[in-house]
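Just so you know, these numbers come straight off a predicted model, no measurement behind them. By convention in this document, chain letters (A, B, ...) are assigned in the order of the sequence lines, proteins followed by strands, and residues within each chain are numbered from 1.
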2 protein chains.
Amino acid sequence: MAVQNGKAQSPATLMDVAREANVSIATASRVLNGSTRKVRNQSYVKVMEAATKLNYRPNAYAQAVAKGTAPSIVLLVSDISDPYFAAVSQGVVRAAAERGISVTIGVAATPHEELEAVRKAVATRPRGIIVSESEYLDAPERPELESELKQYEASGGRAVFVLNRNLPFPAVDVANDVGARAVAKLIVDSGYSRPVILKGDDAHRSSQERLAGVMDVLDAAGVAVDPKAVANGKFSRTEGYAAIMRMGRSGLLSPGEGALYDGRGVDSVIALNDVMAIGAMTALRANGLEPGKDVGVTGFGDIPYSADVYPPLTTVHLPLAEMGQAAVDSVLGKRDEGDDDRLIYVQSAPDVVLRGSLPRR
Amino acid sequence: MAVQNGKAQSPATLMDVAREANVSIATASRVLNGSTRKVRNQSYVKVMEAATKLNYRPNAYAQAVAKGTAPSIVLLVSDISDPYFAAVSQGVVRAAAERGISVTIGVAATPHEELEAVRKAVATRPRGIIVSESEYLDAPERPELESELKQYEASGGRAVFVLNRNLPFPAVDVANDVGARAVAKLIVDSGYSRPVILKGDDAHRSSQERLAGVMDVLDAAGVAVDPKAVANGKFSRTEGYAAIMRMGRSGLLSPGEGALYDGRGVDSVIALNDVMAIGAMTALRANGLEPGKDVGVTGFGDIPYSADVYPPLTTVHLPLAEMGQAAVDSVLGKRDEGDDDRLIYVQSAPDVVLRGSLPRR
DNA sequence: CTGTTAGCGCGTTCAA
DNA sequence: TTGAACGCGCTAACAG
């Protein structure tokens, strides 16, 4: 049916279709949506015809209200344009789409925004809420966040975190320590001994685990890491860049008076996150140090494009999209008792991808 | 209020709150949402207390049904993990959040998926639908897509495209030709004369415009582009990479028998899109050609990280996030008559960002 | 198989 | 100011 006139014209409702097809609204509902259709072929056809004629589109909200729940999940990230979150989101959206459920994305860059986002999310009574957010774990809003989510679970919802086990909810995770040990071993085996370590916030669980793994191996190998060589920062390109620049300004990097490691300077950068590694590489160049030549660099995560920087980044591969998928599975799956702290490992032995940024020396 | 027991317990409704506060459900509604609250302070307090005590969260769907519309918009992209779409999405989500409206993201990688996504989107009666998708413009589904969207508009909805003016809907756009001319001029002025051009699909409007702009300037400068030097492909990292690899395999790139430009080989790659440029750089290296040294490279878009590849990419800056924002403005703004083909320019004179990938030669 | 009817949770007249 | 009542569009018993 063509548009009648210029004025806004409300979409056809189920009732309109039923009337047009000369059947009850219930019958119309059955053919247009109903699980086990048990309608006579004749009325089925009539309804379908009426529906297409009227260009009927079900009102998802009305359906949601009537059913008490909606075929949707909400995904909270701190920054979609971060390749890491983008990759996870990709997995989430795709897995959700396969099951016919849509995902609403919310960005929450601060603890406050995150709490607000969760409240709004709960208001839509989704099947599940996926929090792919990992920072600000020690924020004052945390208890509120937790209680909000617990309430949500109590009402039948499902919450899951991605790469964050600080809160008592199921979490999709990977064996950070294993991956960390692998890179550290590679660093040592490749002949590096004066690393800078770029880590995340102390409250950041994944960062902690990665750091522990790295330190473990380094210690065992007799590599003493200078405390000043360990830099804090959020997991972002900018902070990775900034950390190296700071060190550069302080003369810590290149051989010389006051440089790290007894004035010998650093020979490698172990970033506990890919974007930090990428930022670091650019910063190294700004300090006259060629990544992959003067200084070896490793990342963690294997985001897309980590293979496209130059030299290509040697990093720990994490199945980002699969993690998003696992989160959807978790949220949509049936729940067991005592699942609260359940860990969903999608990768128990992350491999390190060898690329050009860490040649033997 | 704490969770009572282990069983799923439905969230408090407005009625629960009203009862708890000893007021009518209407009054409760007024204080909890109402535009111009005209309730006695006393009942206001009572309701608020009851609400917090019961941990009331409005049911967004019920509100949507009652009001006939929901404070949401849907955003369709073909791939969130593509930095370009990610950046645009970032702008969309942020702008929407500022106005308290949430965005549902849908990925549609094929024309068929896109149509389905639009149908699903319409079902949620959102304030607007933003299509940040630009490929498959000549798909058979296109008429259906158009009519679906027209229907949606007829019922009061608002559709807007981003960087795609092929369909009769408002579109956020930039002056592709101006930007293209700028890069081409830079190419010429920098001493390059044997370019490879990596363009998008022929039906891709932006690609067309960029190509036209580039060719224009090249022609005027007397640079004859070898037809075999122009490669088609989707705007993706992979296809940029593949195109160069293909040329490499055919011996077109490096000087020698059968190479482009009378056997002299190419001296530059003009990619009409950043991700293609990035893929191309990696492919060039695979062919023994050092980007920014043996071959100059330019992109288009200035996605994040285009500054972090090496050498940093010289490219045309597009205000990606602002484009997303403009799309939101368009969808949420008041509509005028004859807006159908309205163009919303967010950038009428894109600048080229000079970086290391295109040194003078 | 099909139609009636009662909700779902909330916004919103319309009286009081 | 407040409350009762109706309606939004649809699903889900419950009768026919």
Is the closest basic N to carboxylate O distance between B:D329 and B:R99 below 4.0 Å?
yes

B:T27 side-chain N/O to D:dG3 phosphate OP1/OP2 under 4.0 Å:
yes

Side chain to side chain contact (heavy atoms under 4.5 Å, CB included) partners of B:A86, counting only residues at least two apart
A:S81

Using salt bridge (charged side-chain N to carboxylate O under 4.0 Å, His left out) as the criterion, list what pairs up with A:D82, not counting sequence neighbours.
none

Using five base pairs at each end to define the local axes, how bent is the helix from C:dC1-D:dG16 to C:dA16-D:dT1, to the nearest 10°?
40°

Would you tabulate the pairs of protein nitrogen or oxygen atoms and nucleotide nitrogen or oxygen atoms of nucleotides 13-16 of chain D closer than 3.5 angstrom?
none

Residues in side chain to side chain contact (heavy atoms under 4.5 Å, CB included) contact with B:V93, at least two apart in sequence or another chain
A:I80, A:V107, B:V103

Can you sort out the partners of B:T104 under side chain to side chain contact (heavy atoms under 4.5 Å, CB included), two or more places apart, ordered by chain and number?
A:S102, A:T104, B:V74

Those residues at least two apart in sequence (or on a different chain) that pass side-chain hydrogen bond (donor to acceptor under 3.5 Å, both in side chains) with A:Q63 are none

Measure from CG on A:D16 to P on D:dC10 and round the result to the nearest Å.
9 Å

Enumerate the salt bridge (charged side-chain N to carboxylate O under 4.0 Å, His left out) contacts for residues 115-130 of chain B, please, sequence neighbours excluded, ordered by first and then second residue.
B:E116-B:R119, B:R119-B:E144, B:R119-B:E148

Below 4.0 Å: OP1/OP2 of D:dT2 and any side-chain N or O of B:S43:
yes

Using atom types as modelled and distance alone, determine if a side-chain donor or acceptor of B:K150 lies under 3.5 Å from a backbone N or O of B:F169.
no

Look for any protein N or O under 3.5 Å of an N or O in nucleotides 7-10 of chain C and output each such pair with its distance, or none.
unit_1 : atom_1 : unit_2 : atom_2 : d
C:dC8  : O2     : A:A66  : N      : 3.3
C:dC10 : OP1    : B:Y56  : OH     : 2.6
C:dC10 : OP1    : B:N59  : N      : 3.2
C:dC10 : OP2    : B:L14  : N      : 2.3

Could you give the CZ-to-C1' distance, from B:R19 to D:dA4, as a whole number of Å?
15 Å

Kindly write out the residues that satisfy side chain to side chain contact (heavy atoms under 4.5 Å, CB included) with A:A26, not counting sequence neighbours, or none if the list is empty.
A:S24, A:R30

Here the distance between atom P of D:dT2 and atom OH of B:Y44, to the nearest Å, is 13 Å

Residues pairing under salt bridge (charged side-chain N to carboxylate O under 4.0 Å, His left out) where one sits in residues 85-97 of chain A, two or more places apart or in two chains, turn out to be none

Show me the pairs that pass side-chain hydrogen bond (donor to acceptor under 3.5 Å, both in side chains) and involve residues 65-75 of chain B, at least two apart or across chains.
A:Y61-B:S72

